[in-house]
Amino acid sequence: MDNRQIARVFADLAVFLTLKGDSVFKVRAYERVAESIENLPFELADVAQDEKRLRAIPGFGEAITSKVQELAATGKLRLHEELKAEFPAGVLTLMQVPGIGPKTALKAVQELGIKDLAGLEQSLASGAFAQLPRVGERNAANILRHLRARMAQGDRVPIGDALPAAERVMAALRQRCPDVRNLTYAGSLRRGRETVGDIDLLCTADRPAEVIAELASLPSVRDVMGKGDTKGSVVIDSGLQVDLRVTDDASLGALLLYFTGSQRHSIRLRERAQKMGMSLNEYGLTDVATGRLEHFENEEAIYSRLGLPFIAPELREDAGELEAAERGELPRLVELADIRGDLHSHTDWTDGRAPLEEMAAAARRHGRQYIAVTDHSPSQTVSGGLSVERLREHTVAVRRADATSPGIRLLAGTEMDILADGSLDYPDAALAELDIVLGSVHGAMDQDRDTMTRRVIRAMASPHLDVLAHLTTRLIGRRAPVEIDAEAVFKAAVETGTVLEINASPPRLDLKDTHIRMARELGVVFALSTDAHRPEEFGWVRYGVEQARRGWCEGWRVINTLPFEELSSFLALPKGERYARVARRD
DNA sequence: GCCGTTTTCGGCCCGACTGTTTTCAGTCG
């Protein structure tokens with residue numbers, strides 16, 4: 001049972017206990033622990049016997065710890081099974097739609113006989129649903145829109161689609177509304193999550209209503225869901241919902257903090273404010289004794305007033321960032337500007353879409369000082385993987401392009417398959433001639449966990465395998481990650497001096513944020529690369545930087561923040577000496 | 001349910017919106 005499934009059980013328990021009228025605080029404890037479990041950097045099932053380790057997780061007391069142990073041991077929870085039997089199955093289904101909570105869902109099933117989303121749509125369209133207590137026309141109309149949006153495109157959108165969409169809307173607003181200031185995105189997009197549910201925009205302006213009106217009239221807007229004086233909500237052509245809120249300059253800080261979240265982080269900040277005799281809301285901090293409201297132009301000022309350093313949006317998940325901030329131990333996170341090179345790219349020698357020279361020129365335009373050209377190895381027959389002979393020609397071509405391409409250095413490399421038994425797709429002699437060797441799992445992806453773990457660790461033992469690329473091979477929303485003991489792989493990486501790739505390609509984002517966090521704590525060193533197959537894909541590096549930051553990754557820990565000469569001498573070292581070289585940079 | 005440099009018992013974030021609620025319930029972010 002993985003963390004997602006365990007979290008699901010506790011979220012279900014929260015719903016059932018709400019329906020039973022149990023204590024709201026008990027319900028909140030379950031909700032909170034469900035979120036906490038989803039953000040864990042390790043699998044609960046792996047540590048279920050270690051009661052001390054479980055109890056150290058926030059929200060884990062006696063009762064929840066024993067429930068987790070029961071789940072890990074049996075795959076089931078007696079209490080969960082009992083409650084599931086007590087309530088109709090449709091309740092949890094209906095609750096997936098925004099606007100429907102536990103109470104409404106139960107009434108819908110009991111009084112209207114709705115069992116699934118199709119039945120829900122019918123009931124909403126016919127007007128029957130609006131007759132339920134405390135629903136009404138307006139709520140029903142909103143629920144129907146949410147439902148149709150969900151049926152059209154699933155519930156969350158990859159950051160690789162959402163961020164460009166947000167930037168297009170922002171550019172259009174700036175152009176049509178000179179009055180707009182401080183326009184920025186907030187929410188999970190600003191926190192850099194790999195998928196987002198909607199786009200939250202904020203700005204300040206002298207005439208807010210005009211800005212809202214402009215938003216509603218943008219050509220890309222398909223549907224206007226709400227339009228007030230300071231808040232507008234629209235659906236753009238890609239199906240994404242965009243919310244815009246306008247405020248005055250004096251209150252921007254509190255509003256930005258509030259709409260960036262996460263909710264858990266906000267709650268912790270409010271609890272902290274409370275202990276200091278203040279109340280925090282989206283307008284500012286109120287002194288409870290005097291009732292005086294203090295405004296803040298930026299987030300730094302609020303954190304400072306609460307006795308904390310600024311906490312980067314990517315860290316705001318209530319995953320230890322407040323404790324670290326208090327101790328003055330927040331990491332100096334990697335920034336986009338730190339990234340000098342890209343160590344994973346493809347050309348039309350294999351499955352890339354552009355010639356070597358074009359890719360080099362594009363990388364330079366994107367601000368890279370060097371790239372590794374890493375086309376595929378023979379087992380990748382569908383991608384035209386290079387034979388040993390072709391690899392040699394490829395290397396000659398890369399070295400020639402390196403000599404003739406101004407403003408950028410090229411490394412001759414390969415993205416080589418790690419075969420099913422952990423052996424490598426090229427002989428050692430061929431690998432020894434390359435500047436850099438990436439190793440990837442591309443086939444036999446359905447191996448069991450032990451086999452896959454042994455396979456990858458065996459490959460890392462090779463003195464030639466410099467970087468382990470996209471560890472889990474997942475494709476977000478399309479292909480599940482391989483079964484693998486990530487912690488064992490990270491420990492082996494440290495032991496062997498193998499670098500772990502943070503693959504920045506939006507469909508992959510592999511390692512994912514929680515993996516990066518765990519690997520970092522074990523001392524792993526990373527390469528942050530785009531896996532570009534087209535010239536414009538070098539721009540994907542920003543998504544990798546966001547995931548790295550979510551994983552608390554410092555700039556010094558990423559080898560392609562090194563200048564070219566230093567990177568070259570890093571790669572020239574025997575693997576066993578490399579980690580020590582990087583660690584000294586802090 | 002959990003949690004504690006004010007507490008091992010008594011707390012547990014805050015405001016907006018919608019509805020049919022004459023003082024609050026449900027839901028969301």
Side-chain angles (χ1 to χ4, degrees), chain A residues 10-11 13-37 54-68 79 94-108 129-143 146 186-191 196-200 202 225-226 228-231 233 241 243 245 251 254-286 288 293 306-307 316 318 322-323 326-327:
Chain A
F10 285 106
L13 288 182
V15 171
F16 292 137
L17 294 185
T18 303
L19 292 173
K20 287 179 83 73
D22 213 321
S23 151
V24 292
F25 300 111
K26 195 164 155 182
V27 169
R28 198 173 295 165
Y30 281 131
E31 286 170 347
R32 182 170 172 239
V33 86
E35 278 181 55
S36 164
I37 289 170
L54 291 181
R55 289 296 293 262
I57 302 168
F60 276 59
E62 205 179 318
I64 284 174
T65 298
S66 79
K67 286 185 173 65
V68 166
L79 177 64
L94 299 190
M95 279 187 58
Q96 295 168 13
V97 183
I100 302 182
K103 308 278 174 82
T104 310
L106 185 60
K107 285 227 156 45
F129 197 91
Q131 301 304 312
L132 287 173
R134 298 182 194 284
V135 176
E137 298 288 334
R138 192 148 184 170
N139 278 332
N142 277 327
I143 292 169
H146 282 301
S188 49
L189 189 57
R190 182 161 179 248
R191 299 203 311 281
V196 304
D198 58 16
I199 294 172
D200 289 310
L202 291 185
M225 312 224 353
D229 286 345
T230 60
K231 181 188 161 179
S233 188
Q241 183 172 329
D243 296 336
R245 321 200 186 221
S251 323
L255 196 65
L256 183 56
L257 182 67
Y258 174 67
F259 282 115
T260 298
S262 67
Q263 198 172 3
R264 283 297 317 160
H265 182 84
S266 295
I267 288 172
R268 291 290 307 276
L269 286 181
R270 285 170 186 188
E271 287 169 351
R272 186 180 177 90
Q274 214 176 37
K275 288 186 185 125
M276 297 171 73
M278 295 182 284
S279 171
L280 174 64
N281 63 19
E282 58 263 53
Y283 303 107
L285 273 168
T286 306
V288 174
L293 173 66
L306 293 172
R316 299 181 196 168
D318 188 23
L322 285 151
E323 291 77 5
E326 210 156 42
R327 293 194 305 265

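Just so it is clear: chains get the letters A, B, ... in the order the sequence lines come, proteins before strands, and each one is counted from 1.
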[atom1] gap between [N] and [M], integer Å:
| N | M | atom1 | result |
| --- | --- | --- | --- |
| B:dG1 | B:dT5 | C1' | 25 Å |
| B:dC9 | B:dC28 | P | 37 Å |
| B:dT23 | B:dG19 | C1' | 14 Å |
| B:dT20 | B:dT27 | P | 14 Å |
| B:dC13 | B:dC2 | C1' | 16 Å |
| B:dC12 | B:dT8 | C1' | 16 Å |
| B:dG11 | B:dT6 | C1' | 13 Å |
| B:dG26 | B:dT21 | C1' | 11 Å |

### Query
Does A:Tyr258 or A:Gln274 map to a spot on DNA chain B nearer the 5' end, using the closest nucleotide for each?
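The 5'-side residue here is A:Gln274.
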### Contact nearer the 5' end of DNA chain B, comparing A:Lys26 with A:Met95
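So the residue in question is A:Lys26.
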[X] near the nucleic acid: base, sugar-phosphate alone, or nothing, with a heavy-atom cut-off under 4.0 Å?
| X | result |
| --- | --- |
| A:Phe25 | base |
| A:Ile100 | sugar-phosphate |
| A:Ser279 | sugar-phosphate |
| A:Lys107 | nothing |
| A:Val135 | sugar-phosphate |
| A:Arg134 | base |
| A:Leu17 | nothing |
| A:Pro133 | nothing |
| A:Ile267 | base |

Please give, in whole Å, the distance from [N] [atom2] to [X] [atom1]?
| X | N | atom1 | atom2 | value |
| --- | --- | --- | --- | --- |
| A:Asp229 | B:dA16 | CG | P | 15 Å |
| A:Phe259 | B:dA16 | CZ | C1' | 9 Å |
| A:Glu323 | B:dC3 | CD | P | 12 Å |
| A:Arg316 | B:dC13 | CZ | P | 20 Å |
| A:Lys103 | B:dT21 | NZ | P | 17 Å |
| A:Lys231 | B:dC17 | NZ | C1' | 8 Å |
| A:Gln131 | B:dG19 | CD | P | 12 Å |
| A:Glu271 | B:dT6 | CD | P | 15 Å |

Is the distance from OP1 or OP2 of [N] to the nearest side-chain N or O of [X] less than 4.0 Å?
| X | N | answer |
| --- | --- | --- |
| A:Thr104 | B:dT27 | yes |
| A:Lys275 | B:dT5 | no |
| A:Arg55 | B:dC2 | no |
| A:Asn139 | B:dT18 | no |
| A:Tyr283 | B:dA16 | yes |
| A:Ser266 | B:dG29 | no |

### Query
Is A:Gln263 side chain donor-acceptor paired with the B:dG29 base, going by distance under 3.5 Å alone?
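In this structure, the two groups form a donor-acceptor pair.
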### Query
Does a distance-only test, which skips hydrogens and angles, find a donor-acceptor pair under 3.5 Å between the side chain of A:Arg28 and the base of B:dC12?
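Side chain to base: no pair below 3.5 Å.
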### Query
What nucleotide, of B:dG19, B:dA16, B:dG1, holds the atom closest to the side chain of A:Ala29?
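So the side chain of A:Ala29 is nearest to B:dG1.
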### Message
From C-beta outward on A:Ile64, which listed nucleotide comes closest to its side chain: B:dC2, B:dT27, B:dG15?
### Response
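Nucleotide nearest to A:Ile64's side chain: B:dC2.
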### Query
Are side-chain heavy atoms of A:Tyr30 and A:Asp22 found at a separation under 4.5 Å?
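Heavy-atom side-chain distance check fails, nothing below 4.5 Å.
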### Message
Would you say that A:Thr18 contacts A:Lys103 through its side chain, given a criterion of any heavy-atom pair below 4.5 Å between the two side chains?
### Response
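A side-chain contact exists here, since the closest heavy-atom pair is under 4.5 Å.
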### Query
Can A:Arg245 and A:Glu282 be said to form a salt bridge (Lys or Arg N to Asp or Glu O under 4.0 Å), step by step?
CA-CA 12 Å; A:Arg245 321 200 186 221; A:Glu282 58 263 53; over 6 Å; no
### Query
Which value, rounded to the nearest 0.5 Å, describes the distance between A:Asp243 atom CG and A:Met225 atom CE?
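A:Asp243 atom CG to A:Met225 atom CE measures 8.0 Å (nearest 0.5 Å).
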### Task
Can you tell me the pairing partner of B:dC12 across any strand shown, Watson-Crick or G-U wobble, with both distances under 3.5 angstrom?
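Looking at the geometry, B:dC12 pairs with B:dG1.
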### Message
Checking A:Arg190 against A:Phe259 for the side chain to side chain contact (heavy atoms under 4.5 Å, CB included) test, could you report, in this order, the C-alpha distance in whole Å, the side-chain angles of both residues, the deciding distance, and whether it holds?
### Response
CA-CA 10 Å; A:Arg190 182 161 179 248; A:Phe259 282 115; over 6 Å; no
### Query
Glycosidic conformation of B:dT21, syn or anti, with 90° from 0 as the boundary?
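Here B:dT21 takes the anti form, which means its glycosidic angle is more than 90° from 0.
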### Query
Does atom CZ of A:Arg138 have more than 12 heavy-atom neighbours, drawn from other residues, nucleotides or ligands, at distances under 6.0 Å?
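No.
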### Query
Is atom CD of A:Glu271 surrounded by more than 12 heavy atoms (other residues, nucleotides or ligands) closer than 6.0 Å?
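Yes, CD of A:Glu271 has more than 12 neighbouring heavy atoms, counting only those of other groups under 6.0 Å.
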### Query
What's the verdict on side chain to side chain contact (heavy atoms under 4.5 Å, CB included) for A:Arg272 and A:Met278, showing C-alpha distance, side-chain angles and the deciding distance?
CA-CA 9 Å; A:Arg272 186 180 177 90; A:Met278 295 182 284; over 6 Å; no
